[in-house]
Undergrad: 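If you scroll down you'll find the structure; I have some questions about it.
Letters go in sequence order (proteins before strands), and every chain restarts at 1. Worth knowing before you read on, the calculation uses all heavy atoms, side chains too, and leaves out hydrogens, waters and symmetry mates. Treat the numbers as computed from the prediction; the structure is a model and nothing was measured.
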There are 2 protein chains.
Amino acid sequence: MKDLTPATQKFILHWGEMGTKWGINRTVAQIHALLFIAERPLHAEEICGTLGVARSNVSNSLKELQNWGIVKVTHLPEDRRDHFESMKDVFEMFRVIITERKRREIDPTIAMLRECVEESARETGGAAIHTRQRLEQLQEFFELGVDFYEKVNRLETPTAVRLFRMGDKLFRLLGLKG
Amino acid sequence: MKDLTPATQKFILHWGEMGTKWGINRTVAQIHALLFIAERPLHAEEICGTLGVARSNVSNSLKELQNWGIVKVTHLPEDRRDHFESMKDVFEMFRVIITERKRREIDPTIAMLRECVEESARETGGAAIHTRQRLEQLQEFFELGVDFYEKVNRLETPTAVRLFRMGDKLFRLLGLKG
DNA sequence: CTCTAGTTTCTGTTTTTACAGAAATACAGA
DNA sequence: TCTGTATTTCTGTAAAAACAGAAACTAGAG
């Protein structure tokens with residue numbers, strides 16, 4: 001890892017590890033960390049050099065990050081090369097990531113649960129009833145999560161932040177002591 | 001996969017895939033799915049037979065699930081064998097999972113960010129200042145998340161559910177139209 | 001103390017994933 | 001059209017993870 005301060009290095013390595021624990025490829029996460037920290041858009045060759053990974057690996061990882069929607073290509077005047085830039089607003093960035101994971105993983109899971117519930121409703125016997133109930137509870141939980149997500153997602157960032165910061169007021173609204 | 005209805009099979013397979021996308025071993029997730037659906041505690045041998053995986057694999061996966069805190073051992077009268085049972089309350093179960101992921105991954109990340117911020121505060125130059133600011137934003141975001149988690153976590157399940165269900169009232173509280 | 005059923009740990013194999021380097025492709029400017 | 005630069009795709013290899021089966025260990029029952 002060339003030309004990076006110790007703090008930056010530590011951050012990039014940790015972010016890579018975090019990635020793996022959440023099902024994100026280590027290199028993808030490291031490149032994301034680098035672009036997030038970078039003061040200006042970087043081109044692929046710089047990323048190779050800095051992180052010491054192969055050009056092809058960088059290319060594929062950048063494409064992956066673009067699919068996630070958190071990295072964009074830009075072009076600088078006088079330079080033909082693609083330059084890459086990460087979203088910088090942390091809240092917006094996670095909003096995008098969560099939206100994407102919902103689309104890829106949660107929505108299909110809810111669809112699957114719905115199908116399984118239907119299927120087990122057609123099946124006979126006590127076991128099938130029991131199965132259906134369990135699956136329905138799971139479905140209900142995911143749908144609750146999605147509903148909440150959608151509500152929060154409609155808010156402007158500063159409003160959403162206020163919501164998450166809100167302490168006692170929230171609890172009073174719920175008619176409870178915290 | 002023996003002795004399972006088509007719906008149950010579909011669920012277990014999907015849950016296994018979901019697992020891998022979130023950094024959970026496929027077999028671990030499948031066993032969890034099976035225990036979640038099961039009407040009664042199962043012993044290791046039954047799990048082997050049903051899912052068709054090796055005894056050792058089941059043993060390790062069960063230990064993993066116990067470490068997560070979502071599967072418990074029970075003993076039946078007249079039977080020396082350990083029997084395993086998943087938590088059944090979905091909301092509680094995810095509460096446990098989230099708590100554990102926070103402990104394992106989020107807390108260390110916040111600690112790392114704190115260290116990096118300190119470190120880059122000691123470093124000199126414009127780049128270090130820029131780095132520190134980015135890391136501080138990230139840290140702030142994670143701390144916001146943790147605060148919110150802790151607040152919600154203090155609530156009884158039904159109250160928390162009410163919070164997530166709450167629609168317009170919430171927005172009015174925030175002084176906004178949804 | 002010994003036997004037996006149960007469980008965990010260890011070791012080697014298989015499978016999957018990540019990765020580097022080469023080859024192929026695209027593309028702007030001369 | 002040709003040429004040099006940038007990018008992507010392809011292919012084989014290396015590393016990591018998952019896994020099965022055997023061996024080792026544990027603990028009741030007799």
Undergrad: Does A/R55 reach a base, just sugar-phosphate, or nothing at all? Heavy atoms under 4.0 Å.
TA: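 It contacts base atoms.
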Undergrad: Tell me what A/R80 touches on the nucleic acid: a base, only sugar-phosphate, or nothing, going by heavy atoms under 4.0 Å.
TA: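 Answer is base: heavy atoms of A/R80 come under 4.0 Å of a base.
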Undergrad: As a quick check of understanding, evaluate side-chain hydrogen bond (donor to acceptor under 3.5 Å, both in side chains) for B/H130 and B/Q133, giving each step before the final call.
TA: CA-CA 5 Å; B/H130 180 263; B/Q133 285 172 349; 5.9 Å; no
Undergrad: Take atom CG of A/N60 and atom C1' of D/dT7, then tell me their distance rounded to the nearest Å.
TA: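 After rounding, the reported distance stands at 11 Å.
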Undergrad: Provide, to the nearest angstrom, the distance between the NE2 atom belonging to B/H75 and the C1' atom belonging to C/dT7.
TA: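 These atoms are roughly 10 Å apart.
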Undergrad: For B/K63 and C/dT8, what is the distance between atoms NZ and C1' respectively, to the nearest whole Å?
TA: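 From B/K63 NZ to C/dT8 C1': 6 Å.
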Undergrad: Need one value for B/D82: base, sugar-phosphate or nothing, where a base atom within 4.0 Å counts as base even if backbone is also close, heavy atoms only.
TA: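 Result for B/D82 = sugar-phosphate.
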Undergrad: State whether B/S56 places a side-chain N or O below 4.0 Å from either non-bridging phosphate oxygen (OP1 or OP2) of C/dT7.
TA: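 For C/dT7, OP1/OP2 do not have a side-chain N/O of B/S56 under 4.0 Å.
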Undergrad: Between C1' on C/dT9 and CD on B/E64, what's the gap in Å once rounded to a whole number?
TA: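 So the CD-C1' distance, B/E64 to C/dT9, works out to 16 Å.
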Undergrad: Rounding to a whole Å, what distance do you find between B/E45:CD and C/dT8:C1'?
TA: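 Atom-to-atom, B/E45 to C/dT8, this comes out as 14 Å.
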Undergrad: With a non-hydrogen cut-off below 4.0 angstrom, is A/N25 in contact with a base, only sugar-phosphate, or nothing?
TA: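 Sugar-phosphate: the residue A/N25, judged by heavy atoms under 4.0 Å, touches backbone atoms but no base.
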Undergrad: Using whole Å, report how far CG of A/D79 lies from P of D/dT5.
TA: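 After rounding, the reported distance stands at 13 Å.
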Undergrad: To the nearest 0.5 Å, what is the distance between NZ on A/K2 and CG on A/L51?
TA: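 So the gap between those two atoms works out to 11.0 Å.
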Undergrad: Among A/S86, A/S61, A/C48, find the residue that satisfies the side-chain contact (heavy atoms from CB on, under 4.5 Å) test when tested with A/I31.
TA: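 Of A/S86, A/S61, A/C48, side-chain contact (heavy atoms from CB on, under 4.5 Å) with A/I31 is met by A/S61 alone.
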Undergrad: Rounded to the nearest Å, what distance is computed from the CG atom of residue A/N57 to the C1' atom of nucleotide C/dG21?
TA: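 After rounding, the gap between these two atoms is 12 Å.
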Undergrad: Quick check against the 3.5 Å criterion: does B/K151 have a side-chain atom that pairs as donor or acceptor with the backbone of A/R165?
TA: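 Judged by distance alone, yes, a pair lies under 3.5 Å.
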Undergrad: Heavy atoms from C-beta onward define the side chain here; which of D/dA20, D/dT7, C/dG6 lies closest to that of B/R81?
TA: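 So the nucleotide nearest the side chain must be C/dG6.
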Undergrad: Once you round it to whole Å, what is the distance between P of D/dA18 and CG of B/L51?
TA: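 About 16 Å, once rounded to whole Å.
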Undergrad: Check whether any side-chain heavy atom of A/I97 lies under 4.5 Å from a side-chain heavy atom of A/E100, and answer yes or no.
TA: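 A side-chain contact under 4.5 Å is absent here.
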Undergrad: From the options C/dT9, C/dC19, C/dA20, select the nucleotide whose nearest atom is closest to the side chain of B/S59.
TA: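 Closest nucleotide among those given: C/dT9.
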